[in-house]
Amino acid sequence: MSTHPNDRDTPSRLDEAVGTGDLIVGEETMSTAAVLAPGHADVEASTVPPRQSPLWRRLGVQFWVCAVWVVLVGLAGVMAGILPIKDPSTSDFTALAEGPSWRYWMGTDALGRDIFSRVVHGTRVSIIVGLFAVLIGLVVGGMLGLIAGYYRRRIESVIMTFADALVAFPALVLLLTLTTFLGQTLENIVLAIGIVTVPVFIRLARANTLTFAQREFVLAAKATGSRNFRIITREVLPNVAMPLMAFSLVVVAVAIVAEGSLSFLGLSVPPTTPTWGNIIAAGRQNLQDAPHIVFFPSLVMFLTVMAFNLAGDRLREVLEVKEGAL
Amino acid sequence: MTFATFSMVRLLPGDPARSFLGPEAPQEQVDRLSQDMGLDKNVVVGYVEWLGGVVTGDMGSSYRTGQPVTEALQQRIPVSFQLMLMAQVLALLVAIPIGVLTAYRAGGLFDRIWSGMAFATIAVPGFVLGLLLIYLFPVQLGLFRISGFTRFTDDPLGNLNSLVLPSVTLAMLQVAIYSRLLRSDMIATLQEDFVSIARAKGLSTRRVLLGHALRPSSFSLLTLAGLNVGQLISGAVLIEFLFGLPGIGLLMINSILGRDLLMLQGAILFIVVVYVVLNLLVDALYSVLDPRIRTAGGA
């Protein structure tokens, strides 16, 4: 400590940087609730007195509507193969670019393929990418953030430099470069989007760890001679995990949009696999005479992204209020 | 960072010489071409040579068109720059009044409607929003250009016409974020004593809001607007592709699709350098803009 004269004011300045840094990262790759939340949370916190009703009730109707939609979309993706729907790649040449009907709920595309079926199958890619990419970000980023926030000093600066280096690329540019470099398979798309989400989780986990690392129960555990590993897993992790998991719902939404963008550019999984993004991209040519081709997959994507955003945000709010009441 | 860019691009799967000449070309021809391109060299040697070129302004030429990378970048920089500038200005022009209004009547009808709308806009991916605008304006109403670009020097009106939809799309994505940020800052400012004093002096609401409260509330907005360039760049890549605007983003995507290595390296390098420099500038500006940081010791 004493070797560095600046050390004394470093923590506070770092914390300050984390505050703004998180916002910016939230901006850059997340773009959502990170910024919407402040105003939102203020109003909620000041008008809602701390109640002790059960968690599921405090989450409110809106949260559960979102959750139901997410589960529905997830199930559709998992069971796409066994659902009694038409084959997503079979063309019906008697019905090219036809509007919605009883036979084709969402109409057909320019090649006469059933859009409903394609959207359902496209759900697979979106959900797989959304969940697994964020899992990578959550586990890797969360772990690194915990280590950085708990041990501080040199290891922290190494980890934070790594996070900063990743953020030095605009998100989509990094993503494009990574996917081109890795090759366009589903695993690689997951990996690339996962890597892009890592620095966000590092910062969030570190910031949360910093606030807990100095709390009484951690100091008590240290005083009674617990080993660092035990303190991290038993004392710090349970407290850091909840906000991280709530935030990861919002990141799932971002990952889905990122995959959609890649698909739309034709740089995601090969075009033979239907994804929301490539259905939309294919419908671009027929926007004038068959807008439904673009409309339905866009709507499903919008609702899904919105559901993840709202659910994640609500969860964060509820958890924050609880923390404020402590 | 430059090395990361270079080696990442160099390690792309697929032999660019092979994909350029087509699968039928004889192997010796492919070998000769990749020798011309310097692909046979070690990554590190290739990197040093490339970096030397970058410093002297020679970043090689495109494999496909033979156009020098530097020249291609020069042609495309103004397009991207104009797009982002127009989008940013438009976003601030719309977001500031909305932010002020929603903060003044926080909890009111307009505030609640906007809060919902802002949340919805944020859930719309940029390319979907762009397609929606294309459907509404050019397709249904016959307004504005769908794609393509006219240089300002050739036809100023045509230039603006070709950039209206792209910049509106790009701006709409920012408006929600900016207005919400300004709103929450402004609500905090409106509770300060000096605002009450201004009101007590009998100043009109407009004077209080715009003359007294807006300036101290806008620091984090301006900072964010500067730091938001990364998202703006990401958005611009998609939007240039969607609207067929010949900017850096479209250059990058076409280079990826065509495995045009040197062009891709040049485009990525340019984007990253601009991004890093802007971030440094904004960091420096932050303390200039926000007096609270400068007086933190005294307070």
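Chain identifiers are assigned alphabetically (A, B, ...) following the order of the sequence lines, protein sequences preceding nucleic acid strands; residue numbering begins at 1 within each chain.
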- Calculate, to the nearest 0.5 Å, the distance between atoms OH and OG belonging to B:Tyr135 and A:Ser298 respectively.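 Rounded to the nearest 0.5 Å, the OH-OG separation comes to 12.5 Å.
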- Message: Can you tell me how far apart CG (A:Leu265) and CG (B:Leu238) are? Round to the nearest 0.5 Å.
- Response: 5.0 Å
- Query: Measuring heavy-atom distances to chain B, does A:Leu310 have an atom under 4.5 Å in its side chain, in its backbone, in both, or in neither?
  - Reply: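 It is both, since atoms from each part get that close.
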- Query: What part of A:Val294 gets closer than 4.5 Å to chain B, counting heavy atoms only: side chain, backbone, both or neither?
  - Reply: side chain
Give the minimum heavy-atom separation between [X] and [Y], together with the two atoms involved.
X	Y	value
A:Met306	B:Ala120	SD-CA, 3.8 Å
B:Ser234	A:Ala171	OG-N, 3.6 Å
A:Arg284	B:Leu242	NH2-O, 3.1 Å

- Task: Using non-hydrogen atoms and a 4.5 Å limit, figure out which bit of B:Ile233 sits close to chain A: side chain, backbone, both or neither.
- Result: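 Only the side chain of B:Ile233 comes within 4.5 Å of chain A.
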- Task: Using a cut-off of under 4.5 Å on heavy-atom pairs, state which of B:Val237, B:Ile253, B:Leu131 scores highest against chain A.
- Result: B:Leu131
- Message: In the structure I gave you, are the side-chain heavy atoms of A:Phe264 and B:Phe241 within less than 4.5 Å of one another anywhere?
- Response: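 The answer is yes; the side chains approach within 4.5 Å.
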- Message: Using side-chain heavy atoms (C-beta onward) and a distance below 4.5 Å, is B:Val128 in contact with A:Phe302?
- Response: no
- Task: Applying side chain to side chain contact (heavy atoms under 4.5 Å, CB included), name anything that partners B:Leu101, two or more places apart in sequence or on another chain.
- Result: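 Result, side chain to side chain contact (heavy atoms under 4.5 Å, CB included) vs B:Leu101: B:Phe110.
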